[in-house]
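Written below as structure tokens is the structure these notes are about.
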Number of protein chains: 2
Amino acid sequence: MGASKTEIHTPSQLQIAEIAKVLSHPARVAILEHIAKQQDCICSDLVDEIGLSQPTISQHLQVIRNAGLLTGNFEGKRLCYCLDADRFNEFQSLLNQFFNTTAAQCC
Amino acid sequence: MGASKTEIHTPSQLQIAEIAKVLSHPARVAILEHIAKQQDCICSDLVDEIGLSQPTISQHLQVIRNAGLLTGNFEGKRLCYCLDADRFNEFQSLLNQFFNTTAAQCC
DNA sequence: TAATAATATTGCAATATTACGATGATACAT
DNA sequence: ATGTATCATCGTAATATTGCAATATTATTA
């Protein structure tokens, strides 16, 4: 069918999958890295840095934004996207929780 | 186009995306959790535990196997899939490396 | 207000993913 | 050998993702 059967999984499993999906495209990994290290990071910078068109970057940004990983600070005429460090750390901690509990039970 | 432009990204970015892709479906998260905690984990057990058909489970298992996360021990007439703990730990450590270096540079 | 710059949205084509029924392949038991 | 159980593969349908050109939106500047 192509659509995931979400209703058969636990909230925790769905959460891990959602987090992982954000990181499951190299362009989004690149965008996150670039946003983190730039003070004044805007979309056109990303278009220059990463070799994708402006609409495509914007689309990836939306995925990242929907995951709650962006804080937008408007400064002057340009947007300043900023990584939401709290949410980012939450991602890391939830993933580590999954890895730790899963590995601990391994036969 | 639907296909990712892999050539424009760094090996490290591609690696993170590949790892995340394995975890980006709740069924695979569930399979990993179940495989880790069972001594005698086989496909038909997974079919019973998770609410998906045997071919679908088998397909997800292949993704997990291709990522190097499975060690298969044949015991009697049933397969005993086992989580490759080393590879699993490597996944965790690479993800943490990404999170730590990225967060450290955040504005 | 008009022009410009930056980002978002829309529409569409190509490809990937998810899921399952049908069918194979393999190993064990009778 | 024949049957049965377990798992893999094939074929196919439905849906999702990726990417870009064209266009819209928004904010700033002249």
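Computed from a prediction, not measured in an experiment: that's the story for all the values here. Here is how names work: the chains are called A, B, and so on, in the same order as the sequence lines, proteins then strands, and each is numbered from 1.
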Pairwise side-chain hydrogen bond (donor to acceptor under 3.5 Å, both in side chains) hits with a residue in residues 11-21 of chain A, at least two apart: A:Thr10-A:Gln13, A:Gln13-B:Glu33
Length of the CG-P vector between A:Leu70 and C:dT7, whole Å: 13 Å
Test side-chain hydrogen bond (donor to acceptor under 3.5 Å, both in side chains) applied to A:Thr56 - qualifying residues, sequence neighbours left out: A:Ser53
With sequence neighbours excluded, residues passing side chain to side chain contact (heavy atoms under 4.5 Å, CB included) with B:Leu14: A:Pro26, B:Thr6, B:His9
All side-chain hydrogen bond (donor to acceptor under 3.5 Å, both in side chains) counterparts of B:Asn100, not counting sequence neighbours: A:Gln92
Summary of salt bridge (Lys or Arg N to Asp or Glu O under 4.0 Å) pairs that have at least one residue in residues 47-67 of chain B, sequence neighbours excluded: none
Interatomic distance, A:Asp45 CG vs C:dA5 P [rounded to whole Å]: 16 Å
B:Gln59: partners by side-chain hydrogen bond (donor to acceptor under 3.5 Å, both in side chains), with sequence neighbours left out: none
Ring centre gap for A:Phe88 and B:Phe99 strictly below 6.0 Å: yes
Degree of bending, the helix from C:dT1-D:dA30 to C:dT30-D:dA1 (end axes from five pairs; round to 10°): 10°
Atom-to-atom span, OH of B:Tyr81 to C1' of D:dA8 - whole angstrom: 8 Å
Interatomic distance, B:Thr71 atom OG1 to B:Leu83 atom CG [nearest 0.5 angstrom]: 7.5 Å
Value in whole Å for how far the P atom of C:dA16 lies from NE2 of B:His25: 17 Å
Distance test, side-chain N/O of B:Ser44 to OP1/OP2 of D:dC7, below 4.0 Å: yes
Strand contacts (DNA chain C) in residues 12-22 of chain B, 4.0 angstrom heavy-atom criterion: B:Lys21
Proximity to DNA chain C (any heavy atom under 4.0 Å), residues of residues 53-69 of chain B only: B:Ser53, B:Pro55, B:Thr56, B:Gln59, B:His60
Among C:dC20, D:dC7, C:dT18, the one nearest B:Arg28 by side-chain distance: C:dT18
Close side-chain approach of A:Thr102 to B:Val29, heavy-atom, < 4.5 Å: no
Protein-nucleotide distance (B:Leu52, atom CG; D:dA8, atom C1'), rounded to Å: 17 Å
Atom pair distance, as rounded to whole Å: CD1 in A:Ile42 and C1' in D:dT28: 14 Å
B:Arg87: partners by salt bridge (charged side-chain N to carboxylate O under 4.0 Å, His left out), with sequence neighbours left out: B:Glu90
ring-ring contact (aromatic ring centres under 6.0 Å, His included): pairs with one or both residues in residues 22-66 of chain B, sequence neighbours excluded: B:His25-B:His60
